[in-house]
Amino acid sequence: MEYDFRKIEGYWQNKWKETEAYKVSNNSPRPKCYVLDMFPYPSGAGLHVGHPLGYIASDIYARFKRLKGFNVLHPMGYDAFGLPAEQYAIEHGIHPAVSTEDNINNFRKQLDNIGFSFDWDREVRTSEPQYYKWTQWIFLQLFKSFYNRETKKADSIEILIKTFENEGNKSHPIPNSQFSTPNFTSAEWLSFSEAQQQEILMQYRLAFCGYGEVNWCEALGTVLANDEVVNGVSERGGYPVVKKKLRQWYLRITEYADRLLEGLERVDFSEAMKEMQRNWIGKSNGADIDFAILDSNEILKVYTTRPDTIFGVDFMVVAPEHEVIEKITTKKHKQEVEDYLTYVKSRSERERMAEKKISGCFTGAYAINPLNFREIPIYISEYVLAGYGTGAIMAVPCGDERDLKFAKHFNIYVTNILGDLFNGEEANPTKDAELVNSDFLTGMLMRDATEIVLTDLEGWGKGKRKINYKMRDAAFSRQRYWGEPFPIKWINGIAYPLDESELPLELPKVDEYKPGPEGEGPLANIESWTAQHLETNTMPGYAGSSWYFLRYMDPHNNDTFCDRKVSDYWNQVDLYIGGTEHAVGHLLYSRLWTKVLFDLGYIGFDEPYKKLVNQGMIQGSSRFVYWVSYKNILWPPNTIIPHINISKGWVDLEDQLQSKVSEILKLHKLSELSFDINKSHVDVNIVDGVELDIKEFAKGINKNSPTKQYFIMEDGSILSEDDAYLGKSTFICDAEVEKMSKSKYNTVNPDELVQRYGADTFRMYEMFLGPVEQSKPWDTKGIEGVHRFLRKLWRMFFDELKGKIWNEEKATDAELKVLHRAIKKIEEDTERFSFNTAVSAFMVCVNELSDLKCNKREVLQPLLIMLTPYAPHVAEELWLQLGNTTSILDATYPTFEKKYLVESAKEYPVSINGKLRTTITIDLAATEKEVEAIVLENEIVKKWLEDKPVKKLIFVKGRMINVVL
RNA sequence: GCCCUGGUGGUGGAAUUGGUAGACACGCAGGACUUAAAAUCCUGUUCGCCGCAAUGCGAGUGCGGGUUCAAUUCCCGCCUGGGGCACCA
């Protein structure tokens with residue numbers, strides 16, 4: 001009986017389906033374990049080998065935990081709303097729901113191939129009304145809540161209204177400091193119109209409406225996503241893009257900044273991941289300082305984290321969006337300022353931050369330093385962003401590199417407050433300098449000065465301590481069709497929530513996906529929609545994915561998003577696997593939603609993910625073919641143009657290449673032409689390693705084009721497309737590691753590999769490739785080794801001639817040692833997500849057992865159980881063949897027993913001065929003295945000692961010995 | 001530009017707490033079995049040097065320094081690949 005993986009895998013996949021082997025119950029006496037993959041977006045391109053990497057890892061872990069006696073929830077579903085489907089609809093007229101459904105079916109088929117243990121009864125799709133009903137419901141909870149700074153949690157807006165009625169807003173200051181009515185009494189509140197009251201409440205709601213800038217493309221009449229804008233123009237068509245203010249929904253995530261920071265202390269994410277989130281939140285301690293403006297009543301408020309440097313301020317910079325510009329710009333500089341603002345309007349925030357070149361312009365106005373009354377010029381520059389701090393900075397060139405560059409560019413005098421620590425060339429951001437040129441602070445350490453400046457400024461009413469966050473409130477609307485509609489009606493400019501009984505508010509069918517007037521979403525084109533005064537924006541991609549992990553727990557509940565008893569049972573996600581690209585987007589948003597739902601009492605935990613593992617990207621290994629293009633040639637009609645492909649080795653041999661090309665041109669009676677060498681991607685699937693399959697390559701050539709293909713082979717021979725099948729010479733491609741993508745022709749489809757080697761081999765190979773967390777290029781070649789391993793395993797049970805060869809004999813100590821070493825290693829490695837080393841431990845185990853000629857059930861059966869998470873199909877098949885009547889999926893994981901591994905002696909590495917010179921086997925019970933004697937008697941050690949005295953002998957028991965001379 | 005992360009043989013990678021660098025595979029070379037091939041098995045494989053041989057000698061984990069009896073691992077500086085930077089998901 002041979003290893004017929006196709007038959008085995010087909011059989012068991014059906015069997016498991018029939019027996020509902022992966023159905024998970026919400027009621028179980030066993031401990032729970034929740035293993036989750038990041039929500040996939042079902043793209044039209046289908047799966048490539050990079051996608052299932054995380055799914056395989058989580059599947060192995062889920063199956064492992066099941067064998068260890070846990071009730072494991074391991075669901076899968078689709079983040080089905082999104083821009084690509086809508087773009088596809090615009091281009092092909094196919095409704096996003098239809099293309100999404102197709103994509104999902106394709107995705108599912110591909111996933112099923114790989115043998116995952118997902119409980120498909122729990123599948124969710126964010127674009128289905130039964131699902132987004134609850135996304136809308138949660139949105140309403142956000143809308144009807146505010147962040148109570150006294151209790152530091154979300155509360156019902158009704159409580160806030162009661163408080164306003166009784167005492168105004170004195171105990172709940174308005175979060176928006178720019179708002180026109182910052183303070184009001186109970187009497188004032190009661191006197192406000194409904195519109196005024198609602199406008200005020202909007203400043204408190206966790207989901208609120210405001211105005212924000214979007215990428216507006218006039219020519220396309222639409223708002224563009226950041227990645228649809230390239231170098232300031234639209235990716236499609238290359239039309240200019242400018243910023244435009246539109247009404248937008250936001251989530252007040254800034255109120256949760258401290259709790260999002262605090263929560264990081266309680267979750268098991270990598271330090272790097274936590275660091276990224278902390279940096280994103282960007283909490284800083286500093287001060288707002290007011291600078292008066294010369295000959296003006298305006299005040300310029302700046303935020304700084306370094307009040308101690310106030311005597312080093314040589315100029316001010318305001319963001320181009322700052323409203324003060326208009327008021328302070330002098331006549332003389334008006335034109336210059338306008339030109340600059342026009343330039344900035346075309347720049348994306350990303351471009352502005354990344355720009356190395358200094359740009360800016362002087363307003364003609366001067367600010368006055370509140371401490372020494374010095375007059376300081378006010379500039380505008382794109383490197384100051386409107387959204388951060390107050391949108392204005394005090395520039396201290398001796399302490400900040402960007403400020404220094406700016407000062408040099410505009411020839412601004414640089415004050416040195418750092419003394420010797422500033423060399424005039426490089427800014428020094430130290431906090432430890434002794435201040436000079438700093439009036440009454442001179443001679444003081446910077447760290448100490450901060451406090452004094454703050455106290456002074458506050459005393460004079462010129463400044464205020466302030467904690468600032470880089471994080472901004474999260475924009476929560478899109479001017480798009482394919483997303484959740486907001487359950488909001490606008491009447492007389494007031495947003496009214498729909499009643500919960502009106503949910504779901506279903507997305508209406510449309511015939512076209514064109515944007516509405518003035519950049520509004522496509523919903524604005526639907527009369528029946530606008531007649532009801534419904535909101536025309538839709539929710540962004542992260543709405544549905546911010547809470548999906550809760551829906552998996554209770555996916556069919558029609559009464560609530562997730563029954564509290566059920567979420568109490570499943571609780572947090574124990575293991576979450578996904579890419580680092582979600583570090584600050586999805587992860588922060590879902591943490592926010594979880595905290596709000598917790599505050600409002602709907603769930604019992606405030607962090608969604610207990611442990612997070614980041615999977616690395618599988619990169620593509622691209623292949624290139626070099627080819628010749630001719631310079632300045634007008635081809636006579638009916639000419640056949642020789643298209644010449646060059647094998648890699650010839651590319652740099654210019655002279656010889658010239659004669660090869662001439663040779664080919666002569667065949668076509670063409671004279672010598674000058675040419676360039678180009679490089680194009682070639683489909684990796686027709687390249688074996690780096691060797692091009694010319695036969696396949698020639699098939700792809702358009703027979704109708706007036707060209708004829710030639711190949712300059714690695715050995716210098718020349719083949720034409722007609723004799724491409726002949727000859728023993730090879731054609732070598734160049735190779736490069738790039739992102740895996742269709743456009744680079746470097747995608748590898750898992751379906752083909754599964755077809756060729758089986759799902760078990762594919763699963764193990766994906767793991768064998770390297771650590772899950774690490775990015776690595778895909779190389780199909782190594783898959784053979786894993787496949788050989790599985791066949792070798794099979795042969796321990798079945799011989800081609802003899803059939804069954806396992807036996808019931810008692811295992812020897814040596815065999816049990818091999819087994820238990822494997823149990824220890826594989827269990828530990830699986831537990832710590834080191835799947836690649838676990839696979840190699842399987843290999844080592846099977847290699848050693850076959851060296852021992854061990855075919856004993858006592859050893860093989862536990863091995864099969866350990867293999868189940870990695871290669872479930874073959875494990876289940878062999879398990880059945882061994883005569884077991886229950887499924888291996890629910891077998892008991894073997895227990896490691898130390899007694900089989902006990903050693904009495906150790907082969908110690910012996911170094912002389914840190915260099916390994918020999919090894920000596922010594923009894924582990926030997927004392928240091930005994931060891932020393934043995935080592936110094938050793939011939940090789942003696943040779944190196946050459947009678948020199950031993951300075952020191954380092955002996956680490958069970959580890960190593962080092963003799964120091 | 002800012003934040004995060006990686007760099008070890010021809011290739012993917014291993015070395016879990018500072019303690020024998022290169023486990024396990026791929027590839028390559030040689031051999032066995034076979035009429036032949038496939039499959040399988042065995043041997044070798046970091047580089048350089050010496051050699052009849054060895055447990056010989058030297059170098060070696062992106063580059064340059066440092067700490068240590070001992071550094072892929074810790075520290076400082078640099079080079080370089082990848083991810084993110086708020087409307088891709």
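Sequence lines set the chain letters: A, B, ... in the order given, protein chains first and strands last, and positions in each chain run from 1. Just so it is clear, the values below take in all heavy atoms, side chains as well, and ignore hydrogens, waters and symmetry mates.
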Using a 4.0 Å heavy-atom cut-off, write out nucleotides 72-82 of chain B from 5' to 3' as B (base contacted by protein), S (sugar-phosphate only) or - (no contact). ----------S
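In the model, A/Trp482 has no side-chain atom that pairs as donor or acceptor with a side-chain atom of A/Thr538 under 3.5 Å. Between the side chains of A/Ser840 and A/Thr837, no donor-acceptor pair is found at a separation under 3.5 Å. Side-chain contact of A/Tyr513 with A/Gln87: a donor-acceptor pair under 3.5 Å is absent, judged by distance alone.
Annotation: side-chain hydrogen bond (donor to acceptor under 3.5 Å, both in side chains) contacts involving residues 905-915 of chain A, sequence neighbours excluded, comprise A/Glu907-A/Thr919.
For B/A32 and B/C49, the P atoms lie 30 Å apart once the distance is rounded to whole Å. As rounded to the nearest Å, B/C75 and B/A23 have C1' atoms that lie 29 Å from one another.
Its glycosidic angle being more than 90° from 0, B/G22 falls on the anti side.
Residue A/Lys915 places at least one side-chain N or O closer than 4.0 Å to OP1 or OP2 of B/A59. Taking only side-chain nitrogens and oxygens, A/Asn279 never comes nearer than 4.0 Å to OP1 or OP2 of B/G84.
The local environment of NZ in A/Lys244 is crowded, with over 12 non-hydrogen atoms from other residues, nucleotides or ligands closer than 6.0 Å. More than 12 non-hydrogen atoms from other residues, nucleotides or ligands lie less than 6.0 angstrom from NZ of A/Lys243.
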Each nucleotide N or O in nucleotides 7-10 of chain B that has a protein N or O under 3.5 Å away: list the pair and distance.
none

Using nucleotides 85-89 of chain B, report all nitrogen or oxygen pairs with the protein that are shorter than 3.5 Å.
{"from": "B/A86", "atom 1": "OP1", "to": "A/Arg350", "atom 2": "NE", "distance (Å)": "3.0"}
{"from": "B/A86", "atom 1": "OP1", "to": "A/Arg350", "atom 2": "NH2", "distance (Å)": "2.5"}
{"from": "B/A86", "atom 1": "O5'", "to": "A/Asn226", "atom 2": "ND2", "distance (Å)": "3.3"}
{"from": "B/A86", "atom 1": "N6", "to": "A/Lys470", "atom 2": "O", "distance (Å)": "3.0"}
{"from": "B/A86", "atom 1": "N1", "to": "A/Arg472", "atom 2": "N", "distance (Å)": "2.9"}
{"from": "B/C87", "atom 1": "O4'", "to": "A/Arg478", "atom 2": "NE", "distance (Å)": "3.2"}
{"from": "B/C87", "atom 1": "O4'", "to": "A/Arg478", "atom 2": "NH2", "distance (Å)": "3.4"}
{"from": "B/C87", "atom 1": "O3'", "to": "A/Asn226", "atom 2": "N", "distance (Å)": "3.3"}
{"from": "B/C87", "atom 1": "O2'", "to": "A/Asn226", "atom 2": "N", "distance (Å)": "2.6"}
{"from": "B/C87", "atom 1": "N4", "to": "A/Gln248", "atom 2": "NE2", "distance (Å)": "3.0"}
{"from": "B/C87", "atom 1": "N4", "to": "A/Gln479", "atom 2": "OE1", "distance (Å)": "2.6"}
{"from": "B/C88", "atom 1": "OP2", "to": "A/Asn226", "atom 2": "N", "distance (Å)": "3.3"}
{"from": "B/C88", "atom 1": "OP2", "to": "A/Asp227", "atom 2": "N", "distance (Å)": "3.1"}
{"from": "B/C88", "atom 1": "OP2", "to": "A/Asp227", "atom 2": "OD1", "distance (Å)": "2.8"}
{"from": "B/C88", "atom 1": "O4'", "to": "A/Asp227", "atom 2": "OD1", "distance (Å)": "3.2"}
{"from": "B/C88", "atom 1": "O4'", "to": "A/Asp227", "atom 2": "OD2", "distance (Å)": "3.0"}
{"from": "B/A89", "atom 1": "OP1", "to": "A/Leu83", "atom 2": "N", "distance (Å)": "3.2"}
{"from": "B/A89", "atom 1": "O3'", "to": "A/Asp79", "atom 2": "OD2", "distance (Å)": "2.4"}

Measure all distances between protein nitrogen or oxygen atoms and nitrogen or oxygen atoms of nucleotides 38-45 of chain B, and list the pairs falling under 3.5 Å.
{"from": "B/A39", "atom 1": "O3'", "to": "A/Arg791", "atom 2": "NH2", "distance (Å)": "3.0"}
{"from": "B/U40", "atom 1": "OP1", "to": "A/Arg791", "atom 2": "NH2", "distance (Å)": "2.5"}
{"from": "B/U40", "atom 1": "O3'", "to": "A/Arg795", "atom 2": "NH2", "distance (Å)": "3.2"}
{"from": "B/C41", "atom 1": "OP1", "to": "A/Arg795", "atom 2": "NH2", "distance (Å)": "3.3"}

Show me the protein contacts with nucleotides 48-54 of chain B, counting only N or O atoms at under 3.5 Å.
none

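Remark: A/His51 engages A/His48 in a ring-ring contact (aromatic ring centres under 6.0 Å, His included) (not counting sequence neighbours). The side chain to side chain donor-acceptor pair (under 3.5 Å) search around A/Tyr132 returns none, not counting sequence neighbours. Contacts of A/Glu86 classified as side chain to side chain donor-acceptor pair (under 3.5 Å), with partners at least two apart in sequence or in another chain: none. Scored by the side chain to side chain donor-acceptor pair (under 3.5 Å) test, A/Asn428 finds no partners at all (sequence neighbours excluded).
A donor and an acceptor atom never sit less than 3.5 Å apart when one is taken from the side chain of A/Lys776 and the other from the base of B/U11.
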Let's test your reading of the pairing rules: Watson-Crick or G-U wobble, both distances under 3.5 Å, then write RNA chain B as a dot-bracket string with ( ), [ ], | and dots. (((((((..(((......[....)))((((((.......))))))((((......))))..(((((..]....))))))))))))....
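Taking the centre of each ring, A/Phe476 and A/Tyr542 come in below the 6.0 Å mark. Aromatic ring centres of A/Tyr383 and A/Phe406: separated by under 6.0 Å.
Of the residues in residues 268-278 of chain A, those with a non-hydrogen atom less than 4.0 angstrom from any atom of RNA chain B are A/Ala272, A/Glu275, A/Met276.
Residue A/Lys781 places its side chain closer to B/C26 than to any other of B/C57, B/U55, B/C26.
Comment: A/Arg352 engages A/Glu321 in a salt bridge, judged by a side-chain N to carboxylate O separation of less than 4.0 angstrom. The residues A/Glu828 and A/Lys824 are annotated as salt-bridged, a charged nitrogen and a carboxylate oxygen being separated by less than 4.0 angstrom.
Counting all heavy atoms, side chain and backbone alike, A/Trp216 lies closest to A/Thr222 at CE3-O, 3.5 Å.
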